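The next block holds one structure in the form of structure tokens; read it before the comments.
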Number of protein chains: 2
Amino acid sequence: MQDQGGSGRATIRDVANAVGVSTATVSKVMNATGRVSAETRKAVLEAARELDFRPNAMARALQSNRSSSVGLLTDDTYGRFSLPLMAGLTEGLIAQGMSVFLCVIDGPKELGATHLDALLQKRVDGLIISGRRVDRLPDIDLTGVTVPTVYALSHGPADGVTLAPDERHGAALAVSHLIEIGRRRIAHVTGPRRFRVAMERAESWRDTLAAEGLWKEGEALHGDWSQGWGHTAAAHLIDGRPASDWPDAVFCGSDQIGLGMIDAFRERGIDVPGQIAVIGFDNWQVLAAQARPPLSSIDMNLPELGREVGRTLTRMIAGESPATGTTRLPCTLVPRASTIGPAG
Amino acid sequence: MQDQGGSGRATIRDVANAVGVSTATVSKVMNATGRVSAETRKAVLEAARELDFRPNAMARALQSNRSSSVGLLTDDTYGRFSLPLMAGLTEGLIAQGMSVFLCVIDGPKELGATHLDALLQKRVDGLIISGRRVDRLPDIDLTGVTVPTVYALSHGPADGVTLAPDERHGAALAVSHLIEIGRRRIAHVTGPRRFRVAMERAESWRDTLAAEGLWKEGEALHGDWSQGWGHTAAAHLIDGRPASDWPDAVFCGSDQIGLGMIDAFRERGIDVPGQIAVIGFDNWQVLAAQARPPLSSIDMNLPELGREVGRTLTRMIAGESPATGTTRLPCTLVPRASTIGPAG
DNA sequence: TTGAAAGCGATACCAT
DNA sequence: ATGGTATCGCTTTCAA
């Protein structure tokens, strides 16, 4: 009593029979290809609706050699970076009828191979490789894979196509912002040296300061990405030093570090941003907006990156060859009270 | 020079030709069905490997009427709950060659319909519906859809199959833990009343306390899920009251609330857990583990939930009819310093 | 043990 | 403007 019309199980032949035409004609109507009389078209359309006809994508794929689906391989179990990216990705691709297979390959090495094999059997039109660690690729062997592939966030091989946020631009945005609000002694506290993004942001911090001829003593402070490290680093910068030696702003490599920093300053009765302004990176809403004071940050525009990945992959599938190497997408400054104060 | 053998584009006929047998025989070998001589089998297997033959899943699907893929519809752009669930889901399903289409339908209402249509055209064998708001379903019209469907996290219709964490169990775990460490005046600060999970956790808090004959004054404090609310609620509980009126523990409806709480206590010089123990909910690692002190919490075991969703859906696809209504999966207590102190 | 042939559902070419 | 038919790659009887 639930299957009026067989819901979605009707074939093109059912429609053809219902109208009294051939399957070829129905196909033409459904794809708006070839000449069909207005009358026939209307009848076919009506029957299709009536029967809840939905063309079988498998059959179509078999015939056209295009599956209208792509695979996304990621080792990001946590999703802080992946999901916003996926949101943009699926949004961009669905417009062209493309669906995205998600494969989370956080686990034994063979898991990646298994997923990849499944995707290849399903004849995905394209592949996206994205990693949790922005600098290290998920562990998959792509040897011999001829499917168009885009690397997102994590960096693919030199002859591959990679899309990633413009880390240097983001860092420059942060530092320029601090300079604009009048800060001159801008410290940098960030993640491990082995992270490519940490080095890129640090370089950009240094370059931007140098371009303005500002405070150049001291180096970037490298630790992990955590709140705890922010806290510790703040102590390094402040404790046992005269206030005249303090920075008047800190650019942090992650929002978590920024939070720890703010925390430590508060404990010491240092006003943020009055005495020291703080800006983070990632614009991890739920953290940054909830901080006290709310933490200014740099947004990597991951959804937009995802959309761009979709566009690029689509073009590759269509036969184009986008620039190899890494294409950088701009970041955005999100000012909050930790730099501009409560007044705005 | 990269396509030795045409990488993954070889057909069953290519293999058959290479060996000098029929496609039927190759098929039998590949599927371990029918009788084939050991000799032939070996030759076929070898040729298949040689040619990097990968059966075309589209053709197989067309023939078997099974696509070996399922669709996951979610409106969780943020991913805090979705991704751990997906990780478990894909892990559980890939073992059976099943891949998961991810559809993020956070956007205009028609987006859901578009995605659903794409999935139906692709003849997914099953559907998973999961929401950001645990109590409200993503906005999709499933009328007339006959594909096996499982609801995860968010609750489906009464005659549907839903899998969700056992909120009451989780809350009971938290409260029992507090009681075990000797607390007797256990407050509860949680999210909005309109959230089903908020009400369930609050009820369980009340019931567990009542069962022990403990402090029953006061009601659960409902606000939003944020750190800010935790901070405010702490003020309610503490400010202007004699210390003898203070709770000696607070069970928080989210880790964020717990963080705000800890923060407020610290500002007031109240020792956690010395004077007041705090426990959160969600076990959002990156927040809870980084808190000062690290926040005890309740883990909803989302990856396991995902695996179970996979199993259930598989059974439904196989024709079984699992119990309708909601099946609850147990939570786990994750004790940290905010309840048991630094010593352990 | 092996193979020939009929589909699965849709598309596209070529007639009509 | 329509329709017959071969075809996509694989599975599955049914014969041989």
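Chain naming here is simple, since letters A, B, ... match the order of the sequence lines and numbering starts at 1 in each. Both backbone and side-chain heavy atoms feed into the values below; hydrogens, waters and symmetry mates do not. Since this is a predicted model, take the numbers as computed values, not measurements.
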With B for base contact, S for sugar-phosphate-only contact and - for none (protein heavy atoms under 4.0 Å), nucleotides 6-16 of chain C reads -BBBSBB----
Under a 4.0 Å N-O cut-off, is there an ion pair linking E308(B) with R311(B)?
-> yes
Do you know which of L72(B), V70(B), L73(B) makes side-chain contact (heavy atoms from CB on, under 4.5 Å) with L119(B)?
-> L73(B)
Nearest atoms (heavy-atom pairs only) where A152(B) meets L85(B) | CB-CD1, 4.1 Å
Going by an N to O cut-off under 4.0 Å, is there a salt bridge joining E39(A) and K42(A)?
-> no
Distance-only donor-acceptor check, side chains S69(B) and K122(A), under 3.5 Å = no
Looking only at heavy atoms, which two atoms of A48(B) and M30(B) are closest? And how far apart?
-> CB-SD, 4.3 Å
Integer-rounded Å distance: dC8(D) P and D14(B) CG | 11 Å
Short side-chain to backbone donor-acceptor contact, N17(B) and D14(B), under 3.5 Å | no
Expected output: side-chain S67(B) to main-chain R123(B) donor-acceptor under 3.5 Å = yes
Have a look at the helix from dT1(C)-dA16(D) to dT16(C)-dA1(D) and give the angle its two end axes make, five pairs each, rounded to 10 degrees.
-> 40°
